[in-house]
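Accompanying notes for the structure given below.
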Amino acid sequence: MSIPSQPQPLSIPPRLLLGPGPSNANPRILAAMSLPAIGHLDPFYLQMMDEIQTLLRYVWQTENELTISISGTGSAGMEASLANVVEPGDVVLIGVMGYFGNRLVDMATRYGADVRKINKPWGENFSLAELKEALETHKPAILALVNAETSTGVRQPLEGVGELCREHNCLLLVDAVTSLGGVPFYADQWGVDLAYSCSQKGLGCPPGLSPFTMSDRAWEKLQKRTTPVSNWYLDMNLLNQYWGEPRKYHHTAPCNMNYGLREALSLIVEEGIENSWQRHQQNAELLWEGLEKIGLVCHVEKQFRLPTLTTVRIPEGVNGKAVSSYLLQEYNIEIGGGLGELAGKVWRIGLMGYNSRPENVLLLLEALRKVL
Ligand code: PLP
């Protein structure tokens with residue numbers, strides 16, 4: 001085999017990531033991640049894990065004991081949530097209003113669930129009355145909803161859903177990948193039983209971890225299983241023995257990722273979670289006003305727009321892909337294209353974590369004005 005030529009030292013173009021994620025990380029996070037690795041059973045590391053759990057409970061707004069960061073991206077959190085509570089034959093009702101609802105359907109099917117779908121056009125969400133009716137019809141063991149549908153930019157309100165689920169003796173499972181840190185989320189107040197997110201969006205870390213939380217009700221369902229969790233890596237019975245007592249080795253923790261997450265969470269405590277939500281909202285509103293001024297139309301009704309991710313309709317006659325390529329080449333700005341049903345119809349603009357700042361909004365608006 002021939003020897004490859006010596007690669008140049010790695011250098012990354014200075015991109016401003018204003019797409020659906022990842023977002024740029026605060027330099028403090030990157031600095032924390034460059035610290036030396038440490039043993040995953042080192043007393044210092046175990047103490048840091050406790051700290052991460054406390055900080056995560058704050059951003060999730062929960063008292064759930066089982067609140068951890070899963071090694072893996074947001075999809076690992078999705079997988080963990082389903083794998084632990086779905087037993088073959090369980091009815092799982094999934095609200096599909098975009099691409100990631102369909103991913104939940106795919107995964108739940110693989111875990112043997114009797115999947116029932118309710119659908120909404122891409123750009124809308126479910127009302128409480130619609131969810132109530134579906135719970136009455138399907139009598140599921142689990143209701144799964146996407147709180148922030150990244151493919152459409154729609155926020156699914158969760159107020160009152162947890163109570164409905166309790167009345168119908170079912171668990172509430174929520175995808176908060178594009179909401180945690182950037183959009184108000186009250187796990188306990190809303191009666192959320194399982195929720196997962198990612199490190200690379202509202203928390204502003206690089207990708208690689210999935211914050212996860214599980215209520216006592218979900219834990220009970222896990223304990224009553226008659227079949228083992230069919231995913232070893234994500235089995236909470238095992239992971240709980242590493243994150244809690246007896247601190248038993250499970251897998252080699254990606255310690256540098258967790259240093260970064262700890263720094264990101266510490267930055268949120270410094271700012272205050274409510275202030276972080278408010279900052280995301282204010283910068284999104286600045287973007288929406290600016291887009292309107294240059295004649296662009298947001299795909300989602302204002303009330304249900306996500307502050308973290310805005311879908312903008314590509315005007316008639318404009319080549320959306322050419323515009324985003326131009327922004328990348330000429331301005332080093334990344335924005336996203338449409339996914340699934342919205343492919344070729346919208347751009348997706350993310351203002352997440354460290355990137356949710358007025359100067360980024362103004363820079364993007366200026367670049368768009370020049371390109372269009
Ligand atoms: N769910 C939603 C709503 C997402 O936006 C994403 C990714 O963007 C995922 C799940 C999957 O997360 P990841 O790509 O980090 O695995």
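We number each residue from 1, following the sequence as shown. Remember, predicted model here, so these are calculated numbers, not experimental data. Start at 1 and go down the list; that is how both ligands and their atoms are numbered.
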Would you call Glu149 a ligand 1 contact, heavy-atom distance under 4.0 Å? no
Side chain to side chain donor-acceptor pair (under 3.5 Å) between Glu79 and Tyr111, intermediate numbers included: CA-CA 9 Å; Glu79 192 104 31; Tyr111 286 104; 2.6 Å; yes
Look at atom 8 (O) of ligand 1 and say which protein heavy atom is nearest, naming residue and atom and giving the distance to 0.1 Å. Lys201 NZ, 2.7 Å
As a check for students: among Gly336, Ser75, Gly19, Ser179, identify the option with a heavy atom nearest to atom 14 (O) of ligand 1. Ser75
If you have a sec, work out which protein heavy atom is nearest atom 6 (C) of ligand 1 and how many Å separate them, to one decimal? Phe100 CE2, 3.2 Å
In terms of residue, atom name and distance, what is the protein heavy atom nearest to atom 1 (N) of ligand 1? Asp175 OD2, 2.6 Å
Any nitrogen or oxygen of Tyr196, side chain or backbone, less than 3.5 Å from one on ligand 1? no
Numbering as shown, the atoms of ligand 1 that approach Arg103 to under 4.0 Å (heavy-atom distance): 11 (C)
So, Ser215 and Asn64: side-chain donor and acceptor under 3.5 Å apart, yes or no? no
Test: Lys221 and Asp90 ion pair at under 4.0 Å: yes
Would you say the ring centers of Trp277 and Phe185 fall short of 6.0 Å from each other? no
With atoms numbered from 1 as shown, which atoms in ligand 1 lie under 4.0 angstrom from a non-hydrogen atom of Thr178? 5 (O)
Show me the donor-acceptor pairs within less than 3.5 Å that the side chains of residues 29-48 make with the rest of the protein, sequence neighbours left out.
from, atom 1, to, atom 2, distance (Å)
Ser34, OG, Ala31, O, 2.8
Asp42, OD1, Phe44, N, 2.8
Tyr45, OH, Asn258, ND2, 3.1

Which atom pairs, donor and acceptor, lie under 3.5 Å between side-chain atoms of residues 365-372 and protein residues at least two apart or in another chain?
from, atom 1, to, atom 2, distance (Å)
Glu366, OE1, Arg369, NH1, 2.8

Between Ser151 and Trp122, a side-chain donor and acceptor under 3.5 Å: no
Under 3.5 Å between some N or O of ligand 1 and some N or O of Gly74? yes
Evaluate Thr150 for polar contact with ligand 1, using N/O atom pairs at a separation under 3.5 Å. yes
salt_bridge(Arg15, Glu334) N-O dist < 4.0 Å: no
Whether Ala148 lies under 4.0 Å from ligand 1, heavy atom: yes
Under 4.0 Å to a heavy atom of Gln200 - the qualifying atoms of ligand 1, by number: 15 (O)
